[in-house]
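Values below: all heavy atoms of this structure, side chains included; hydrogens, waters and symmetry mates excluded.
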Amino acid sequence: MNNISDDIKKTLDLEQEEIINANDKYIFVSACPGSGKTYTIVKKIEKELNEIENYQGIIACSFTREASEDLKSRINTKLDIENSFIGTIDSFVKDIICMFVNRTLILNNLFENQVVIDKQIIFPEECIKINGNFIIKKNGKPLTINELTKYYDQNQSLRTIGKKYSYDWLEKLKDNQYEISFPSYFFATKIIKMQIFQDWFNSKFTTLYVDEAQDLNFFQHYFFKAIKENTNINIVMVGDANQSIYQFRGARPELFKSLVNYGYNKYKISVSVRCHPSIIYYANKIYEMDLQKKYQGDSHVKILSELDIKFLKKLKGSSFILTESNKTAQDTYELYKDDYDIIYTKKIDLDNKRFNDYYENSDIIDELLKYYLNYNNDLDKYKYPYEKIEPILLNCNIKIKQREFSLRDQKDLKKFLRNSCPKLGILLSMETINEIINKLEDKKYKYNYYIVEKENRIMTIHSSKGLESDNVVIILDNSYNKINNEFKNKLFVAITRARNNVYILSKNNDGVLQFINNLLN
């Protein structure tokens, strides 16, 4: 709250209060970085929980377990949330499917207005299947399942491939194998249109809250649209289109912004309590270069001609060094790690072909590593008890027993992985287990899973989403040939991680440097 003046606080209080007390059935909230978005959502949820019947609850969805747990932890413990759902979007969809899948007769017709999918459907010649993913050629380059998610609704040939992919997904579901993938949204949408679901849903839940809604993809928008059109629930969508940096995974910020055309009433939180006012000013100027000139003599956003250890050591408070690529992050870490108290964290990266058994199950394996390494974390607030991982394990095997995952007798990580993975339906080779253990001997991998309180960090801009620091140093490499929306959104997110100071270093790219010069002048 260091950057909040009386005028800012007055504006913030009015905007937050308006949202908390709003009674519109469909609400669209545009919240700038550091605006107290989570606080506002929590207060609105608390107000509602105090007013609804004791057999009812709310739904609050976010993209990550960490964000969902943070939201849950902030809700007043005196309020009953037993009848509410607070979790990830994927887990919410899975709960719907698992609850109603045996009551539907739609297993052979997943898509709207589509005939039953022919098991012998023929692929175009340019399509091949690699490790379960369908790869299509687009302009001579491979098109992955992420790009299928991104472009599905814009290309008829991709919808053809999507139907075949969805058929395979359904076949696995019939065999009790559930995969988190885009067909799950189509399937859940079919269930939503059933009267038996609507009767249950309408009596149980009053409002659906969706956080970080700017990152919803086409299929998620399709799913929430079906909820809006087929149930009586109120909906609150919260996000910031300028912070959408996951288009490569299919995020569709333009669909988020278009909610105002589909019955949503727009509210906004326009002030930041995190950033110095000049930081927010220049972040907004990224999109509106003709903004009236301000902060010329008191700007906390500066161009950096070079980065060295003397500069880093002069910074007061915590510092982030944010880069566009993992390579730049790693190179920078290697350069300063011996002379500056800083860490660089990175998810385990193994050879895709050689260690495919890891990549097929990386989400749950990574969670097992976090559990193992933080079970007895030196800091109490970062300990990872069994109760926290149990719901994740039960998603893999409903017969899991706590004693099977007790760490009291499994001090050895190799033994833990060897014993635990088969119980979750995961077959890891000893070669893969040994390679994971070898990687974790490197601090940059270990600290991605073991939580430590280090003030100074090096990471990619994507990894910094949702974090903040006193100082932010942004290193822009030569990856951009033009200043497009993707670049602007990444720069916006990077700048707004800072509370007090931003320093921008452009490497070997005259076009980017010219843009930064124009921005700050």
Side-chain angles (χ1 to χ4, degrees), residues 1-2 4 8-89 91-92 95 201-213 227 232-240 265 267-269 271-274 374 377 379-392 451 453 466-468:
M1 303 288 279
N2 294 335
I4 184 167
I8 288 176
K9 187 176 188 310
K10 183 178 179 180
T11 301
L12 180 66
D13 289 345
L14 288 173
E15 291 179 343
Q16 290 181 334
E17 185 177 358
E18 186 179 19
I19 294 166
I20 292 167
N21 294 320
N23 293 317
D24 310 80
K25 190 164 185 63
Y26 306 117
I27 292 175
F28 162 48
V29 178
S30 178
C32 79
S35 61
K37 168 175 64 73
T38 304
Y39 168 86
T40 307
I41 295 173
V42 167
K43 291 303 176 185
K44 189 168 182 63
I45 288 174
E46 289 178 343
K47 181 176 184 293
E48 184 169 359
L49 290 175
N50 274 314
E51 296 173 349
I52 61 178
E53 301 293 339
N54 58 11
Y55 61 86
Q56 293 179 310
I58 57 91
I59 300 166
C61 291
S62 191
F63 279 83
T64 65
R65 283 188 287 268
E66 290 80 4
S68 300
E69 289 170 3
D70 178 52
L71 184 64
K72 186 184 296 185
S73 69
R74 295 195 193 191
I75 295 174
N76 191 326
T77 54
K78 294 180 180 179
L79 293 173
D80 183 8
I81 59 172
E82 184 176 346
N83 293 320
S84 297
F85 175 91
I86 302 175
T88 66
I89 299 171
S91 61
F92 174 52
D95 282 358
F201 191 80
N202 289 334
S203 65
K204 184 171 177 59
F205 300 113
T206 54
T207 301
L208 164 65
Y209 296 83
V210 182
D211 193 15
E212 301 291 349
I227 289 181
N232 293 328
I233 200 165
N234 305 316
I235 303 177
V236 179
M237 293 279 191
V238 185
D240 179 6
N265 291 327
Y267 292 81
K268 65 179 181 179
I269 313 178
V271 296
S272 174
V273 297
R274 173 197 300 158
N374 295 286
N377 195 300
L379 300 169
D380 287 341
K381 65 180 178 179
Y382 296 135
K383 289 185 185 300
Y384 197 154
Y386 173 79
E387 289 73 24
K388 183 178 176 181
I389 197 174
E390 183 179 37
I392 302 169
I451 303 172
E453 285 193 338
L467 304 178
E468 60 184 77

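- The CD1 atom of I235 lies 6.5 Å from the CD1 atom of I227; values are rounded to the nearest 0.5 Å.
- Here the side chain of E48 pairs no donor or acceptor atom with the backbone of I58 at under 3.5 angstrom.
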**OP:** Kindly indicate, with the supporting measurements, whether the criterion salt bridge (Lys or Arg N to Asp or Glu O under 4.0 Å) is fulfilled by K37 and E212.
**Re:** CA-CA 10 Å; K37 168 175 64 73; E212 301 291 349; 3.5 Å; yes
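- More than 12 heavy atoms of other residues, nucleotides or ligands sit less than 6.0 Å from atom CG of D80.
- None of V29, V210, I27 except one satisfies the side-chain contact (heavy atoms from CB on, under 4.5 Å) rule with M237; the exception is V210.
- Taking CG of N83 as the start and CG of N54 as the end, the distance is 8.0 Å to the nearest 0.5 Å.
- Between the side chain of K388 and the backbone N or O of K383, no donor-acceptor pair lies under 3.5 Å.
- Within a 6.0 Å radius of NZ in K268, no more than 12 heavy atoms belonging to other residues, nucleotides or ligands are found.
- Take Y267 and apply the ring-ring contact (aromatic ring centres under 6.0 Å, His included) test, not counting sequence neighbours, and it matches no residue.
- Note that CD1 of I269 is 12.0 Å distant from OG1 of T11, once rounded to the nearest 0.5 Å.
- You'll find the side chain of I59 reaches within 4.5 Å of the side chain of I233, heavy atoms only.
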**OP:** Dump the intermediate steps for salt bridge (Lys or Arg N to Asp or Glu O under 4.0 Å) on K72 and E69, then the final yes or no.
**Re:** CA-CA 5 Å; K72 186 184 296 185; E69 289 170 3; over 6 Å; no
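- Pairs engaging residues 13-40 under the ring-ring contact (aromatic ring centres under 6.0 Å, His included) rule: Y26-Y264, F28-F256 [sequence neighbours left out].
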Check: residues 14-21 side-chain donor-acceptor pairs under 3.5 Å, at least two apart:
from: E15; atom 1: OE1; to: S270; atom 2: N; distance (Å): 2.7
from: E15; atom 1: OE1; to: S270; atom 2: OG; distance (Å): 3.3
from: E15; atom 1: OE2; to: S270; atom 2: OG; distance (Å): 2.6
from: Q16; atom 1: NE2; to: S35; atom 2: O; distance (Å): 3.2
from: Q16; atom 1: NE2; to: T40; atom 2: OG1; distance (Å): 3.3
from: N21; atom 1: ND2; to: E17; atom 2: O; distance (Å): 3.2

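- Note that OH of Y55 is 7.5 Å distant from OG of S203, once rounded to the nearest 0.5 Å.
- Checked against side-chain hydrogen bond (donor to acceptor under 3.5 Å, both in side chains), S68 has no partners two or more places apart in sequence or in another chain.
- A donor and an acceptor atom, one from each side chain of Q56 and T206, are nowhere located under 3.5 Å apart.
- Between F201 and F92, the closest heavy-atom pair is CE1-CZ, 4.0 Å.
- Between L71 and Y209, every side-chain heavy-atom pair lies at or beyond the 4.5 Å cut-off.
- Every residue two or more places apart in sequence or in another chain that forms a side-chain hydrogen bond (donor to acceptor under 3.5 Å, both in side chains) with K47 is listed here: E51.
- One N or O on the side chain of N202 and one on the backbone of N232 form a donor-acceptor pair closer than 3.5 Å.
- Atom CZ in R74 sits 10.5 Å away from atom NZ in K43 (nearest 0.5 Å).
- One distance of note links OG of S84 with CD1 of I75; it measures 7.0 Å at 0.5 Å rounding.
- In terms of modelled atom types and a separation under 3.5 Å, the side chain of N374 and the main chain of I451 share a donor-acceptor contact.
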Residues 60-67 side chain polar contacts: donor-acceptor under 3.5 Å, at least two apart:
from: T64; atom 1: OG1; to: A67; atom 2: N; distance (Å): 3.1
from: R65; atom 1: NH2; to: E367; atom 2: OE1; distance (Å): 2.7

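- Across all their heavy atoms, D240 and P33 have their closest contact at OD2-CD, 3.6 Å.
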